[in-house]
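Written below as structure tokens is the structure these notes are about.
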Protein chains: 2
Amino acid sequence: MTTVQNQSWRSIRSEVVRRIADRDWLPGQLIPGEVELAREFGCARTTVNRALRELASAGLLDRRRKAGTRVSLNPVLKATLDIPVTRLEVEQRGAVYDHHLLERVVAVPPQQVAGRLGLTTTSRMLHLRALHLADDKPFLYEDRWVNLAMVPQILDVDFGLISANEWLVRNIPLTTGDITFSAANASPDEADILRTTKGAGIFIVDRTTWAGPEPITSVHLAYAPGFQMRTTI
Amino acid sequence: MTTVQNQSWRSIRSEVVRRIADRDWLPGQLIPGEVELAREFGCARTTVNRALRELASAGLLDRRRKAGTRVSLNPVLKATLDIPVTRLEVEQRGAVYDHHLLERVVAVPPQQVAGRLGLTTTSRMLHLRALHLADDKPFLYEDRWVNLAMVPQILDVDFGLISANEWLVRNIPLTTGDITFSAANASPDEADILRTTKGAGIFIVDRTTWAGPEPITSVHLAYAPGFQMRTTI
DNA sequence: TAGTGGTCTAGACCACCCT
DNA sequence: GGGTGGTCTAGACCACTAC
């Protein structure tokens with residue numbers, strides 16, 4: 001047994017990754033316990049625990065009390081998407097950001113939107129439609145409903161100065177929600193707004209947001225053709 | 001000052017999240033140091049550190065030595081996508097999985113593919129085209145190139161038994177890479193294979209995979225219309 | 001019920017970097 | 001220079017669960 005001294009938890013993590021990559025430890029195989037690894041690496045069990053815990057949360061290891069730690073059989077690929085405010089998304093692409101408010105009206109939302117938000121009542125909500133521009137070209141068409149019962153102060157916001165997107169992020173911290181990504185064909189309206197042709201394949205994001213148990217907003221985003229969302233694994 | 005005893009790091013995390021949500025601590029604001037919080041919560045500094053570290057990695061806090069810990073000004077929304085093997089993706093939707101190999105040939109890849117993989121040579125690669133089915137309906141069309149210099153043993157695989165996707169995950173552990181999500185209009189070929197109409201909006205995933213410094217595979221995935229990718233924040 | 005990982009402690013030293 | 005977070009230690013108790 002090789003004993004390596006003065007290893008930080010990162011080194012231990014690397015070594016474990018190496019053993020998996022080199023197939024010293026095969027998928028599904030039980031690896032030594034924390035105590036034994038601590039002996040081998042010449043460090044405290046806490047340090048080994050830190051390394052293995054990180055790898056487990058990354059999906060590379062499966063850990064269970066009493067059962068021990070195994071190399072994952074089906075290492076689920078985890079892609080982390082950073083979804084910034086639209087303004088930053090545009091600026092990160094090296095373009096100049098601008099946005100236009102297309103519609104701002106208080107109305108009763110369609111059944112579909114109310115359902116997504118878990119609202120059975122027919123209470124009135126704020127309906128916003130906006131176009132986000134990158135270098136004066138259409139980038140993203142946003143169709144949003146905001147729950148006025150939760151965010152009444154949004155009625156006073158000047159959306160010429162700040163987008164609803166950005167205002168909500170700044171004023172309603174710590175929201176949870178779900179996101180759906182899909183593809184669609186541009187409707188005539190969407191094609192007109194995004195200055196493309198009807199039927200063009202467009203990238204769609206639907207997001208519903210909650211602050212604790214209370215629904216805040218539901219938004220439908222249609223990106224202009226050519227849009228790509230990138231990430232690294 | 002309220003002192004709470006016997007708090008686990010999860011409780012501390014919750015309390016910090018509450019203070020941010022309730023705006024006791026405003027975005028950009030410096031929060032108390034670990035030592036002071038440990039005093040307040042009646043626990044060891046290590047425990048506070050664990051809680052704050054997790055929140056920092058979630059993007060909710062910004063931490064710097066000497067500068068202290070601040071509430072993030074622009075909490076970037078982080079969506080984590082779990083990308084399982086296609087077979088599991090289908091089965092998780094409650095459908096029966098099947099797949100057909102459409103083409104399997106060794107050839108020189110087009111310039112675009114070689115470029116993505118960082119290969120300037122015109123070395124031959126394995127070209128695979130396959131259709132993944134859910135309940136006998138087209139689910140995903142896969143167009144893949146595999147670097148034979150790195151994975152020669154893939155020539156012996158019977159892709160009637162296991163998809164290339166699954167074989168690679170099982171036999172080349174620990175890959176890195178990049179993923180691009182986009183929308184497109186189905187080409188005549190794609191429409192034919194996916195049994196849809198030409199021009200239908202389809203969800204596209206392009207993934208290039210590396211094992212350390214060596215390129216392994218580049219794959220183009222076209223999902224059947226109606227496909228949605230979901231996640232929770 | 002025994003073995004494994006999960007967590008907490010009290011203390012220590014160090015790296016970083018703002019002032 | 002000094003204050004902050006980053007990490008490590010040695011030990012302890014506990015929760016879970018396979019056996």
Side-chain angles (χ1 to χ4, degrees), chain A residues 1-17 19-20 25-73 75-76, chain B residues 1-17 19-20 25-73 75-76:
Chain A
M1 181 176 66
T2 309
T3 299
V4 185
Q5 299 280 344
N6 299 323
Q7 295 285 355
S8 71
W9 69 270
R10 290 169 195 278
S11 312
I12 296 175
R13 185 182 58 180
S14 300
E15 173 60 14
V16 171
V17 165
R19 290 183 188 184
I20 297 175
W25 293 338
L26 296 173
Q29 185 179 333
L30 194 65
I31 75 172
E34 294 188 347
V35 177
E36 185 174 338
L37 287 175
R39 245 199 326 264
E40 176 186 345
F41 291 125
C43 67
R45 180 170 79 95
T46 317
T47 307
V48 173
N49 179 275
R50 172 82 186 268
L52 298 187
R53 198 204 315 142
E54 299 250 336
L55 291 174
S57 83
L60 213 62
L61 296 176
D62 288 328
R63 319 194 74 198
R64 276 196 322 243
R65 285 157 156 134
K66 167 71 181 174
T69 300
R70 292 177 181 277
V71 179
S72 290
L73 261 180
V76 176
Chain B
M1 181 176 67
T2 309
T3 300
V4 185
Q5 299 278 344
N6 299 322
Q7 296 285 357
S8 71
W9 70 270
R10 289 169 196 278
S11 311
I12 296 175
R13 184 182 59 182
S14 300
E15 173 60 12
V16 171
V17 166
R19 291 184 188 183
I20 297 174
W25 292 340
L26 297 174
Q29 184 180 333
L30 195 65
I31 76 172
E34 295 187 348
V35 177
E36 185 174 339
L37 288 175
R39 247 199 324 264
E40 177 187 344
F41 290 125
C43 66
R45 180 169 81 94
T46 318
T47 307
V48 173
N49 180 274
R50 171 84 185 268
L52 297 186
R53 198 203 317 140
E54 299 250 335
L55 291 174
S57 82
L60 212 62
L61 296 175
D62 288 328
R63 320 194 75 198
R64 278 199 322 250
R65 284 159 156 133
K66 167 71 179 173
T69 300
R70 293 176 181 278
V71 179
S72 289
L73 261 181
V76 176

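Every chain is numbered from 1, with letters handed out A, B, ... down the list of sequences.
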Cationic N near anionic O, under 4.0 Å, A/Arg19 to A/Glu40: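 Looking at A/Glu40 together with A/Arg19, the answer is yes, because their closest N to O distance falls below 4.0 Å.
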
Separation of [N] [atom2] from [X] [atom1] (nearest whole Å):
X       : N     : atom1 : atom2 : result
A/Leu37 : C/dG6 : CG    : P     : 13 Å
A/Arg70 : C/dG5 : CZ    : P     : 11 Å
B/Ile12 : D/dG5 : CD1   : P     : 14 Å

For [X], give me all partners under salt bridge (Lys or Arg N to Asp or Glu O under 4.0 Å), at least two apart in sequence or on another chain.
X       : answer
A/Arg70 : none
B/Arg63 : B/Glu34
B/Arg53 : none

How many angstroms lie between atom [atom1] of [X] and atom [atom2] of [Y], to the nearest 0.5 angstrom?
X       : Y       : atom1 : atom2 : value
A/Trp25 : A/Thr69 : CH2   : OG1   : 9.5 Å
A/Ile20 : A/Leu26 : CD1   : CG    : 10.5 Å
A/Asn49 : A/Leu37 : CG    : CG    : 11.0 Å

A/Thr46 and A/Arg50: CA distance, side-chain angles, deciding distance, side chain to side chain contact (heavy atoms under 4.5 Å, CB included) verdict: CA-CA 6 Å; A/Thr46 317; A/Arg50 172 82 186 268; 6.0 Å; no

Just N and O in the side chain of [X]: are any of them under 4.0 Å from OP1 or OP2 of [N]?
X       : N     : value
B/Thr69 : D/dT4 : no
B/Ser8  : C/dC8 : yes
A/Thr47 : D/dT7 : no

DNA chain D contacts among residues 49-63 of chain B, heavy-atom distance under 4.0 Å: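 B/Asn49, B/Arg63 - these, ordered by number, are the residues of the stretch whose heavy atoms sit under 4.0 Å from the strand.
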
Contact list for DNA chain D against residues 27-35 of chain B - heavy-atom distance below 4.0 Å: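 The stretch gives B/Gly33, B/Glu34 as the residues lying under 4.0 Å from the strand, ordered by number.
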
Is the side chain of [X] donor-acceptor paired with the backbone N or O of [Y] at a distance under 3.5 Å, no angle test?
X       : Y       : result
A/Glu15 : A/Ile12 : no
A/Ser72 : A/Gly59 : yes
B/Thr47 : B/Cys43 : no

Letter per nucleotide, 5' to 3', of nucleotides 10-19 of chain D [B base touched, S only sugar-phosphate touched, - untouched; heavy atoms, 4.0 Å]: BBB--BBBB-

